[in-house]
Amino acid sequence: MIINHPLLGPRDSAEFVYLGAAELMNRPDPETASAEDWHGYAYLRDNPAGVHRELWFHEGGDRSILIVTRDTTTHEISAVELARKPRAQT
Amino acid sequence: MTQKNRLAGGQLDRDTTLSFTFDGKNYSGHLGDTLASALLANNVRLMGRSFKYHRPRGPLTAGSEEPNAIVELRSGARQEPNTRATTAELFDGLSAKSQNRWPSLAFDAMAINDRFSNFLTAGFYYKTFMWPAAFWEKLYEPIIRKAAGLGSLSMQADPDEYDKGFRHCDLLIIGAGPAGLNAALTAGRTGAHVILADEDFRMGGRLNAETLAISDMAGADWAAQTVAELASLPNVRLMARTTVIGAFDHGIYGAVERISDHLAKAPRGKPRQILWRIYAKQTLLCAGATERPIAFDNNDRPGIMLAASLRAYANRWAATPAQRVAIFTNNDDGHRTAQDLHAKGVKIAGVIDTRPDAPRALDYEVLQGAHVTDTKGRLGLTFVEVACADGSTRTIECGALGVSGGWNPNVHLTCHQRGRPTWDDDLAAFVPGGTLPPGMVVAGAAQGIFSTHGALKSGADAARKALGLKGRAPAVPDAKDSPVIQTPFWYVEGCSRAWLDQQNDVTVKDVKLSHQEGFRSVEHLKRYTTLGMATDQGKTSNMGGLAIMAELAGKPIPEVGTTIFRPPYTPTAIGTLAGRMRGKEFHPTRLTPSHYWAEERGAVFVEVGNWLRAQWFPLPGETHWRQSVDREVTATRASVGVCDCTTLGKIDVQGTDAATFLNKVYCNGFAKLAVGKTRYGLMLREDGVAMDDGTAARLAEDQFVVTTTTANAAKVYQHMEFVRQCLMPDADVQLISTTEAWAQYAVAGPNSRRLLQRIVDPDHDISNEGFPFMACGNITVCGGLRARLFRISFSGELAFEIAVPARYGDALMRKLMAEGEEYDVTPYGTEALGVMRIEKGHAAGNELNGTTTALNLGMGRMVSKAKDSIGSKLSERPGLNEAKALMQIGLRPVRADDKVTAGGHLMNATGPVDAAHDQGYVTSAAFSPTLGCMIGLGFLKDGGNRTGETLRLVSPVTDLTVEVEVVSAHFVDPEGERVRA
């Protein structure tokens with residue numbers, strides 16, 4: 001697969017490590033979350049045949065974590081964005 | 001030897017004569033020959049024995065689809081089994097052997113199987129070797145294994161090198177026949193970056209095998225002229241001898257280039273083969289088509305081959321299997337073989353055409369509406385039996401028979417991403433269909449366009465389409481454009497055996513039996529009969545099997561469906577896939593900064609992940625590793641020892657939010673850690689289980705240096721980047737791994753400070769007052785070299801870790817040894833390190849084993865309630881906090897000589913020994929020279945309250961039962977006085 005890195009352009013997926021579903025970014029708020037929220041966050045994942053948002057770590061590159069939107073049935077990648085958006089220049 | 005069946009013409013270098021051997025006999029051929037063409041020219045038709053029945057077989061084809069002529073090439077370590085004689089290029093000195101026969105090819109004892117063929121039909125093994133079950137492993141499997149398989153392995157390491165490479169292009173063209181060549185010309189002339197790959201050593205595809213003309217010149221000459229023009233274009237890369245084996249995601253193609261298979265010896269420094277990863281923006285598949293046979297009784301005798309292959313041997317290689325040849329066809333293409341062979345002076349004994357209205361010929365007899373019903377000839381064809389249209393029978397004498405049942409487009413690569421071919425009624429064949437790999441276009445015969453003009457035009461059109469070219473298309477070279485009509489004719493009804501898949505010995509009867517026994521889906525048919533398996537993957541046989549299946553089911557072929565294809569297109573050696581990643585090169589070997597020094601000291605090394613670490617340093621006279629390790633431990637505890645701990649992961653954490661960040665990743669608090677201080681930190685996974693531990697040293701308000709265990713260095717870094725980028729995107733914090741940047745040594749023992757004072761520059765106070773336990777700081781050593789000093793201890797002694805830029809690591813180790821002579825400084829390895837940490841009761845990888853929590857590790861109170869950290873919430877789950885949870889404890893044998901083993905389980909002093917009564921388990925064990933007995937660390941239910949209790953340590957696998965006493969895990973200096981000294 002080729003992942004079109006927003007900063008570095010097209011890169012072979014061999015440079016990346018797969019980290020899991022992008023839902024991992026939605027960590028429950030420790031002040032308000034219920035036990036069910038934590039259970040869902042730690043253990044429950046969708047396994048869609050189709051569009052999936054997922055995290056890829058550019059370990060063999062600039063170490064960015066990318067949010068890749070990929071169709072699990074065709075490997076078509078429809079969007080790639082940085083998990084951590086660059087800060088606005090001040 | 002004379003080349004008795006060598007004809008005139010051909011694309012051979014007749015001035016270069018090559019000698020070779022087959023089964024020990026000497027033959028000669030010419031440059032440009034394949035092994036098969038040279039053997040045929042030498043009147044050798046018999047080239048192998050079949051897989052199951054050991055039937056005598058000769059080549060069926062002239063290309064990579066070959067099922068029969070499978071031989072062993074070369075000898076010694078370079079012996080290569082299961083190689084197709086039809087694609088093996090001849091070189092001087094080539095030695096080849098036939099396979100699957102004993103004692104010889106002409107007389108094969110296992111041919112007895114052929115007599116028992118009534119028993120050896122489809123499913124024979126499944127039916128026969130079912131019971132008694134106990135016989136399977138001891139009796140049946142060894143027998144079957146001995147009988148099965150074709151070639152044999154040399155059992156020696158492959159002496160050749162293989163490589164991998166990467167290439168990029170705008171347009172990858174697969175196949176250099178008329179479509180591919182004209183496509184490459186069209187694309188190449190626009191300046192686009194083109195790669196043209198072809199599995200053959202001579203580009204041109206069928207043009208080299210035909211007498212058809214293009215633009216008033218022979219097709220082969222047009223091909224050569226086109227290849228020459230392409231070679232002159234700097235933007236076109238020609239890759240002959242290169243098989244594109246797979247179409248992968250996003251325009252990535254795998255291709256195997258055979259660099260030196262056609263040479264007696266690889267040139268120095270050259271690999272045998274290269275596995276290319278080709279990144280193509282667009283791909284044009286011009287893979288051509290494969291002729292399909294017609295099945296009839298005894299259609300497998302040497303001399304019976306596909307008609308177009310017979311023609312290829314005559315036209316390209318100037319060879320014929322016999323001087324008297326017959327043709328059996330259901331289409332016009334078979335007649336072209338008769339014409340071409342007749343023109344070369346080969347006697348045509350007759351053309352048997354299934355069509356009642358078949359075209360007649362002046363030069364030879366055409367039997368219209370006739371069928372071949374049987375053949376004769378034990379080791380090679382002698383006669384064919386023909387049923388004529390009027391019901392009479394004829395016996396025709398011939399040494400070869402060309403069979404043509406029409407052509408199948410080579411759709412293989414279009415299926416590699418699960419595209420399913422569609423049925424074309426006009427061609428009676430499957431053509432590319434469904435969803436092709438993105439960016440792929442198909443042209444020429446691979447698309448079902450069989451005329452030469454059609455191939456040239458579709459190749460050019462497809463290239464223009466792929467590159468998005470507008471405007472007028474250039475003229476297509478003149479070539480024949482006759483429509484190709486294929487009417488299906490699959491097999492002649494008979495009473496003996498008609499072979500469909502010659503490689504796997506599958507007959508028409510086997511397919512019928514499979515249907516009768518209920519194996520009716522295409523996938524079941526394949527697995528029950530083995531149709532389409534092995535090295536040729538059914539390139540010539542799948543279609544016939546499918547057609548018969550459809551007939552039996554009473555359904556049209558497209559409704560029965562087809563199996564699709566997976567990579568690789570042709571067999572690929574494992575060595576090619578491995579490339580240079582063999583043996584020690586399978587993964588990188590990382591050397592520590594003190595490696596060469598340790599080597600000089602005679603260290604014994606151990607692999608720790610990719611690292612090589614010194615395990616112990618034997619001294620002269622030490623004959624057992626325990627002697628060395630015990631000495632290293634004792635000497636360190638008595639005076640001072642040095643150990644390379646560079647392999648521990650080091651992560652530099654910087655930014656105004658660095659402390660906030662560490663508060664999130666460690667379960668214990670870091671916000672209040674003073675600058676110049678170090679703290680132990682425990683990292684949890686979000687589910688509350690311990691992930692890793694280490695230290696974090698605060699070198700500045702906004703800078704920490706974090707250490708990880710050696711094994712988890714990459715994983716912890718990845719986890720920290722996840723927290724930083726995904727969970728704390730607004731925090732001002734940056735991470736970088738500095739593991740390789742710093743050489744770091746543990747200097748441990750009561751004299752460690754004295755030793756360090758000799759190398760640390762005097763303006764840095766490292767006294768106990770100036771640099772107390774857990775202090776850290778930037779210092780200089782040896783007169784100005786920047787360094788970092790940490791007063792931390794894994795051994796339980798007064799100890800420091802000192803780091804210098806990695807390039808000074810070797811020098812620092814030598815300096816420490818020189819300056820430490822006065823204190824008998826002792827280098828110690830990973831074994832002594834392990835013994836000392838067990839004596840001190842420090843957890844390591846054995847304890848942080850992915851199932852244990854902070855509570856289990858005796859660090860439950862470290863999980864701060866005052867802040868949120870990764871894993872803090874879920875570590876509060878009731879299931880992880882039961883009253884009698886496992887707790888880390890120490891163990892000593894009741895009898896000092898008894899052994900303590902890691903992995904053993906703990907049982908109460910009395911009562912049953914079973915899983916239900918399990919009390920815990922031992923994670924680490926070592927002989928403690930300090931205590932003079934073995935000791936262990938482990939986890940015990942309610943372990944915190946059971947000190948002094950006697951338990952049984954059992955290990956049923958090693959039949960061990962030992963009485964052990966539960967003690968504090970801190971065997972040495974439990975009050976921690978030494979580390980603070």
Side-chain angles (χ1 to χ4, degrees), chain A residues 1-4 10-14 16-35 37-44 53-68 70-77 81-88 90, chain B residues 164 166 168 247-252 277 279-281 417-419 435-439 651 655 664 684-689 713-715 717-737 864-879:
Chain A
M1 292 202 303
I2 294 171
I3 295 173
N4 198 5
R11 316 295 303 186
D12 195 301
S13 61
F16 293 81
V17 174
Y18 179 72
L19 294 189
E23 290 139 55
L24 282 167
M25 295 177 74
N26 308 324
R27 188 168 183 266
D29 181 344
E31 302 294 323
T32 58
S34 65
D37 294 338
W38 282 105
H39 174 252
Y41 177 70
Y43 296 110
L44 302 183
R53 270 165 53 88
E54 57 204 22
L55 301 175
W56 289 77
F57 175 46
H58 200 196
E59 189 171 53
D62 73 341
R63 309 188 303 279
S64 294
I65 294 175
L66 307 182
I67 306 170
V68 174
R70 178 181 64 105
D71 188 317
T72 57
T73 62
T74 62
H75 292 182
E76 188 187 344
I77 291 174
E81 51 196 308
L82 291 168
R84 186 188 204 232
K85 306 288 180 292
R87 293 178 165 203
T90 50
Chain B
K164 291 185 187 179
F166 300 82
H168 300 258
F248 302 98
D249 292 311
H250 302 166
I252 301 173
R277 184 187 282 224
Y279 297 80
K281 286 184 189 150
Q417 284 166 39
R418 299 205 65 79
T435 312
L436 264 52
I651 299 166
K664 187 67 83 177
L684 305 181
R685 309 192 309 218
E686 193 67 271
D687 65 1
V689 170
K715 197 173 116 191
Y717 181 80
Q718 180 182 311
H719 170 72
M720 286 170 68
E721 281 291 3
F722 166 76
V723 174
R724 184 181 79 92
Q725 295 182 46
C726 296
L727 302 183
M728 303 176 73
D730 298 323
D732 173 25
V733 61
Q734 302 295 329
L735 309 174
I736 193 160
S737 165
S864 169
K865 305 265 184 212
K867 57 150 189 165
D868 169 57
S869 66
I870 303 293
S872 63
K873 269 281 182 275
L874 286 172
S875 69
E876 292 169 8
R877 285 181 290 168

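By convention in this document, chain letters (A, B, ...) are assigned in the order of the sequence lines, proteins followed by strands, and residues within each chain are numbered from 1. These values consider heavy atoms only, across backbone and side chains, with no hydrogens, waters or symmetry-generated copies.
Distance check, rounded to the nearest 0.5 Å: CD of B/Glu876 to CH2 of A/Trp38 gives 10.0 Å. For the atom pair B/Arg418 CZ and A/Thr74 OG1, the distance stands at 13.5 Å (nearest 0.5 Å).
The closest side-chain heavy-atom distance from A/Ile65 to B/Arg724 is not below 4.5 Å. Side-chain atoms of A/Glu59 and B/Tyr717, non-hydrogen and from C-beta on, never get closer than 4.5 Å to each other. Annotation: side chain of A/Ile77 is in contact with side chain of B/His250 (closest heavy-atom distance under 4.5 Å).
By the neighbour-count criterion of 12 heavy atoms within 6.0 Å, atom NZ of B/Lys281 is sparsely surrounded, having that number or fewer from other residues, nucleotides or ligands.
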Side-chain atoms of residues 19-28 of chain A: list all donor-acceptor pairs with protein atoms under 3.5 Å, sequence neighbours left out, distances to 0.1 Å.
from    : atom 1 : to       : atom 2 : distance (Å)
A/Arg27 : NE     : B/Glu686 : OE2    : 2.5
A/Arg27 : NH1    : B/Asp868 : OD2    : 2.8
A/Arg27 : NH2    : B/Glu686 : OE1    : 3.2
A/Arg27 : NH2    : B/Asp868 : OD1    : 3.4
A/Arg27 : NH2    : B/Ser869 : O      : 3.2

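For chain A, the nearby part of B/Arg877 is the side chain; its heavy atoms alone come within less than 4.5 Å. At a 4.5 Å heavy-atom cutoff, A/Ser13 makes no contact with chain B through either its backbone or its side chain. Contacts of A/Glu76 with chain B are made by backbone atoms alone, with heavy-atom separations under 4.5 Å and no side-chain atom involved. For B/Leu735, the part lying under 4.5 angstrom from a heavy atom of chain A is the backbone only. Proximity to chain A is limited to the side chain of B/Tyr279, based on heavy atoms less than 4.5 angstrom apart.
With chain B as the partner, the residue from A/His75, A/Arg63, A/Arg84, A/Met1 showing the most heavy-atom pairs under 4.5 Å is A/Arg84. Comparing A/Ala33, A/Pro30, A/Pro10, A/Ala83 by how many heavy-atom pairs each has under 4.5 Å with chain B, the most go to A/Pro30. Of the residues considered (B/Met728, B/Gln417, B/Gln718), B/Gln718 shows the highest number of contacts with chain A, using heavy-atom pairs under 4.5 Å.
Scored by the salt bridge (Lys or Arg N to Asp or Glu O under 4.0 Å) test, B/Arg277 finds A/Asp12 as partners (sequence neighbours excluded).
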